[in-house]
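Structure record follows, encoded as structure tokens.
For clarity, every value in this text was computed on a predicted model and none was experimentally measured. Any value given below was found using the heavy atoms of this structure, including those in side chains, with hydrogens, waters and symmetry copies removed. Residue numbers start from 1 in every chain, and the chains themselves are labelled A, B, ... in the order their sequence lines are given, proteins ahead of strands.
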There are 2 protein chains.
Amino acid sequence: MASILPGLRRRPFGPILASVMCEKGIEAMSDDTRTRLVPAIQAARAGAASGGIPIGSALFIDGALVATGHNRRVQDGSVIHHAEMNCLENAGRLPAADYARATLVTTLSPCDMCTGAVLLYGIPRVVIGENRTFLGGEDLLRSRGVDVTVLDDPECVEMMTAFIATHPALWAEDIGENEPTP
Amino acid sequence: MASILPGLRRRPFGPILASVMCEKGIEAMSDDTRTRLVPAIQAARAGAASGGIPIGSALFIDGALVATGHNRRVQDGSVIHHAEMNCLENAGRLPAADYARATLVTTLSPCDMCTGAVLLYGIPRVVIGENRTFLGGEDLLRSRGVDVTVLDDPECVEMMTAFIATHPALWAEDIGENEPTP
């Protein structure tokens, strides 16, 4: 079991799932939606296995998996290859009509940059593993008409919680914040 | 002289410059600010010379040029290396304290993705060559406290106007829009 960050209190999952189901309808929380999180988690695990930040992403078009990606700050010294960006890059050049039928899945709530990429390409649906350890541009996405589903997945929460506890300076750098004081 | 897109009317430069000067103060439109546009334009020209989209960017920290970059959609098949993103990537991994003293210069108004990157890294100043051919997330930047200066530079306008007229499908792809009908 991953350790929990000091001050980070785990909320019970049940009521949150229920509220999402109520808001989005049962179909938004279907097995299919949860299944789409699997390749994103696998990408995050692969990123962690190669010494990187454990955030992964997957792009689906018409329900088919098109690409996956993970954060590459450590592996490539990259400041723009967040998981979602890396996934979009791996998917390659696509016409707007393809993005318009896409779902971008990410293990963690997308930061401002990744939020902007979703808006630029007009991706209509975003599925988020969790937003407890970091809350990105979800409100902006919704305000621009993007369908946002937060799965509040325990595996995603524990993956990030453990990482942040053991790599606070690297995490701060990745989200453009000052290094935390010990 | 570059041709002007059908329906794209060139506005006179004088009144716009005057209004910016009035809004930002003379110092914001100083020779120093205009000088900072030069490496961004050079990067845009280099991108065009290698067959790409003519948008360039430059990052300054404490007034010193740290990196330049240009759009690499054509050259690398990249969907995330817009000019500003490529410039940030070329600058490498930086602590938040460095971004906090930075100015990002771009020949063209930043799209949603590049706007988000500025917000993620807390870059406090953005200098824009022109926003006549494309208007990006300037309002969002200002709403989040970023100091935005639009130089309305004729060279930047003509560079993009000529490119859009000759490469409408490529331009549409770069900003996530459907290919224009002939």
Side-chain angles (χ1 to χ4, degrees), chain A residues 53 57 59 67 69 72-100 102 110-124 134 136-137 140-141 143-144 146 169-180, chain B residues 53 57 59 67 69 72-100 102 110-124 134 136-137 140-141 143-144 146 169-180:
Chain A
I53 300 174
S57 180
L59 186 73
R72 302 195 66 88
R73 177 172 296 270
V74 172
Q75 294 91 338
D76 296 343
S78 175
V79 306
I80 66 172
H81 278 269
H82 274 190
E84 302 91 323
M85 309 292 288
N86 183 241
C87 180
L88 292 172
E89 188 77 326
N90 290 342
R93 291 172 55 179
L94 299 173
D98 283 358
Y99 290 119
C111 77
D112 285 323
M113 175 174 68
C114 299
T115 294
V118 168
L119 296 174
L120 167 64
Y121 289 118
I123 296 172
F134 178 80
L140 180 60
L141 289 173
S143 76
R144 298 272 294 268
V146 178
L170 178 57
W171 176 235
E173 181 192 314
D174 200 55
I175 54 174
E177 294 188 354
N178 289 310
E179 187 169 345
Chain B
I53 300 174
S57 179
L59 186 73
R72 303 195 66 87
R73 177 172 296 269
V74 173
Q75 293 90 338
D76 297 343
S78 176
V79 306
I80 66 173
H81 278 268
H82 274 191
E84 301 91 321
M85 308 292 287
N86 183 240
C87 180
L88 292 173
E89 188 77 325
N90 290 341
R93 291 171 56 180
L94 299 174
D98 282 359
Y99 290 119
C111 76
D112 285 323
M113 175 174 68
C114 299
T115 293
V118 168
L119 296 174
L120 167 64
Y121 288 118
I123 296 171
F134 178 81
L140 180 60
L141 288 174
S143 76
R144 297 273 292 269
V146 178
L170 178 57
W171 175 234
E173 181 192 313
D174 200 55
I175 53 174
E177 293 187 355
N178 289 310
E179 188 170 346

- request: Flag the one option from A:V118, A:L119, A:D112 with the top tally of heavy-atom pairs under 4.5 Å to chain B.
  value: A:D112
field: Min side-chain heavy-atom separation B:R93-A:L170 under 4.5 Å
entry: yes
field: Spacing of CE belonging to A:M113 relative to CD belonging to B:E84, to within rounding of 0.5 Å
entry: 13.0 Å
message: Apply side-chain contact (heavy atoms from CB on, under 4.5 Å) to residues A:I80 and B:I80 and explain how you reach the verdict.
response: CA-CA 8 Å; A:I80 66 172; B:I80 66 173; 4.1 Å; yes
message: Heavy-atom cut-off 4.5 Å, strictly under: side chain, backbone, both or neither for A:D174 against chain B?
response: backbone
query: Do A:E89 and B:S78 touch side chain to side chain, with heavy atoms closer than 4.5 Å?
result: yes
message: Would the distance check show the side chain of A:Y121 and the main-chain N or O of B:I175 forming a donor-acceptor pair, the cut-off being under 3.5 Å?
response: no
- prompt: Measuring heavy-atom distances to chain B, does A:T115 have an atom under 4.5 Å in its side chain, in its backbone, in both, or in neither?
  reply: neither
- request: Please flag which part of B:I123 lies under 4.5 Å from any non-hydrogen atom of chain A: side chain, backbone, both or neither.
  value: neither
message: Is it the case that the side chain of A:E173 and the backbone of B:A96 share a donor-acceptor pair, with hydrogens and angles ignored and the cut-off at 3.5 Å?
response: no
field: Side chain proximity check, A:H82 to B:L120, heavy atoms < 4.5 angstrom
entry: yes
- request: Give, as side chain, backbone, both or neither, the part of A:E177 having an atom under 4.5 angstrom from any heavy atom of chain B.
  value: backbone
statement: Counting heavy-atom pairs under 4.5 Å with chain A, the top scorer among B:G116, B:G136, B:C111 is B:G116
- line: Under 4.5 Å to a heavy atom of chain A? For B:R144 that would be side chain
